[in-house]
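Everything quoted here is computed from the prediction, not taken from an experiment.
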Amino acid sequence: EVQLVESGGDLVQGGGSLRLSCAASGFTFDDYAIGWFRQAPGKEREGVSCISGRGGRTYYADSVKGRFTISRDNAKNTAYLQVNSLKLEDTAVYYCAATRYTGNWRMQAWYEYWGQGTQVTVSS
């Protein structure tokens with residue numbers, strides 16, 4: 001059974017930090033790029049970041065560049081999203097997803113597997 005399980009979301013004050021984790025099982029983790037997406041209430045889900053299968057390439061939405069860092073540990077079948085300098089507008093459910101392709105990392109239809117999401121809430 002394929003699973004992607006996010007964890008690490010929490011309530012945090014503006015300017016704070018979290019490390020989100022995405023634990024994978026049931027597929028060959030190294031063969032897949034991992035993307036992070038988020039969905040705020042009343043908004044469409046949007047791409048946040050993506051990392052290639054071996055970690056050699058990373059991609060970020062303009063809104064999070066310089067604040068968020070994506071990484072992965074293939075020996076642990078886990079990907080991470082370090083989120084720093086959090087703003088109110090970062091409040092959302094954060095999802096990880098797996099794809100074989102990174103040609104257009106924002107295109108959600110290309111992602112084969114999705115996790116259940118973890119809630120990040122930024123307060124003032």
Side-chain angles (χ1 to χ4, degrees):
E1 181 183 15
V2 170
Q3 282 194 291
L4 290 172
V5 180
E6 302 95 333
S7 61
D10 206 348
L11 171 65
V12 62
Q13 291 187 1
S17 299
L18 293 168
R19 189 175 76 159
L20 310 183
S21 296
C22 173
S25 60
F27 65 99
T28 304
F29 187 66
D30 314 60
D31 289 342
Y32 287 77
I34 299 297
W36 284 94
F37 296 80
R38 67 186 182 185
Q39 187 166 27
K43 294 186 177 181
E44 294 185 350
R45 189 163 59 192
E46 64 176 352
V48 176
S49 187
C50 184
I51 185 167
S52 60
R54 297 181 65 184
R57 296 182 184 273
T58 59
Y59 309 90
Y60 297 93
D62 288 343
S63 60
V64 307
K65 284 180 180 176
R67 300 190 299 120
F68 291 10
T69 304
I70 192 169
S71 62
R72 66 192 294 161
D73 186 341
N74 286 349
K76 296 181 178 179
N77 285 166
T78 302
Y80 306 94
L81 187 69
Q82 179 71 38
V83 297
N84 298 330
S85 302
L86 285 164
K87 305 173 181 179
L88 291 178
E89 52 263 44
D90 295 319
T91 294
V93 177
Y94 283 71
Y95 300 88
C96 66
T99 179
R100 290 185 174 92
Y101 315 102
T102 57
N104 188 352
W105 69 271
R106 290 180 172 86
M107 188 171 293
Q108 297 176 43
W110 287 112
Y111 287 80
E112 187 172 357
Y113 307 123
W114 290 82
Q116 85 293 336
T118 186
Q119 177 72 50
V120 172
T121 302
V122 184
S123 69
S124 60

Can you measure from [atom1] ([X]) to [atom2] ([Y]) and round to the nearest 0.5 angstrom?
X	Y	atom1	atom2	result
Ile51	Thr102	CD1	OG1	11.0 Å
Leu88	Thr121	CG	OG1	10.5 Å
Ile34	Ser52	CD1	OG	10.5 Å
Gln82	Arg67	CD	CZ	12.0 Å

Going by the rule disulfide bond (SG atoms under 2.5 Å apart), which residues pair with Cys22 if we only count those two or more places apart in sequence or in a different chain?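 For Cys22 the disulfide bond (SG atoms under 2.5 Å apart) partners, ignoring immediate neighbours, are Cys96.
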
Quick one: ring-ring contact (aromatic ring centres under 6.0 Å, His included) pairs with a partner in residues 62-100, sequence neighbours left out?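 Every candidate ring-ring contact (aromatic ring centres under 6.0 Å, His included) pair involving residues 62-100 fails, so no pair, neighbours aside, qualifies.
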
Could you tell me which non-hydrogen atom of [X] sits nearest to which non-hydrogen atom of [Y], and how far apart they are?
X	Y	answer
Gln119	Thr91	NE2-CG2, 4.1 Å
Gly47	Phe37	CA-CD2, 3.3 Å
Asn74	Arg54	ND2-CA, 4.1 Å
Gly9	Val120	CA-CG2, 4.1 Å
Ser21	Thr78	CB-CG2, 4.4 Å

Only counting residues at least two apart or in another chain, list the ones meeting side-chain contact (heavy atoms from CB on, under 4.5 Å) with Ala40.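 Ala40: side-chain contact (heavy atoms from CB on, under 4.5 Å) contacts with Lys43, Ala92.
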
Who pairs with Glu46 by side chain to side chain donor-acceptor pair (under 3.5 Å), at least two apart in sequence or on another chain?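 Checked Glu46 against side chain to side chain donor-acceptor pair (under 3.5 Å); matches are Arg38.
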
Side chain to side chain donor-acceptor pair (under 3.5 Å) partners of Ser71, counting only residues at least two apart: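 So Ser71 forms no side chain to side chain donor-acceptor pair (under 3.5 Å) with any residue.
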
Is the backbone of Tyr101 close enough, under 3.5 Å, to the side chain of Thr99 for a donor and an acceptor to pair up by distance?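 Yes: the side chain of Thr99 pairs with the backbone of Tyr101.
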
Pairs flagged by side-chain hydrogen bond (donor to acceptor under 3.5 Å, both in side chains) wherever residues 55-65 is involved - sequence neighbours left out: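 Passing the test, one end in residues 55-65: Asp62-Lys65.
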
Among pairs that include at least one residue of residues 106-116, which meet side-chain hydrogen bond (donor to acceptor under 3.5 Å, both in side chains), considering only residues two or more places apart or in two chains?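 Non-adjacent pairs meeting side-chain hydrogen bond (donor to acceptor under 3.5 Å, both in side chains): Glu6-Gln116, Tyr32-Glu112, Arg45-Gln108, Arg100-Glu112.
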
Would you list the atom pairs, donor with acceptor, under 3.5 Å between side chains in residues 10-20 and any protein atom, with sequence neighbours excluded?
| unit_1 | atom_1 | unit_2 | atom_2 | d |
| --- | --- | --- | --- | --- |
| Ser17 | OG | Asn84 | OD1 | 2.9 |

Name all pairs fulfilling the salt bridge (charged side-chain N to carboxylate O under 4.0 Å, His left out) condition that reach into residues 76-89, sequence neighbours left out, sorted by first residue then second.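 Listed once each, the pairs would be none.
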
According to the disulfide bond (SG atoms under 2.5 Å apart) rule, which pairs have a member within residues 29-70, sequence neighbours left out?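 Matches after skipping sequence neighbours: none remain.
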
Is it true that Trp105 and Val83 fall in one hydrophobic cluster, defined by side-chain heavy atoms closer than 4.5 Å?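 Different clusters: Trp105 never reaches Val83 through Ile, Leu, Val, Met, Phe, Trp or Tyr contacts under 4.5 Å.
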
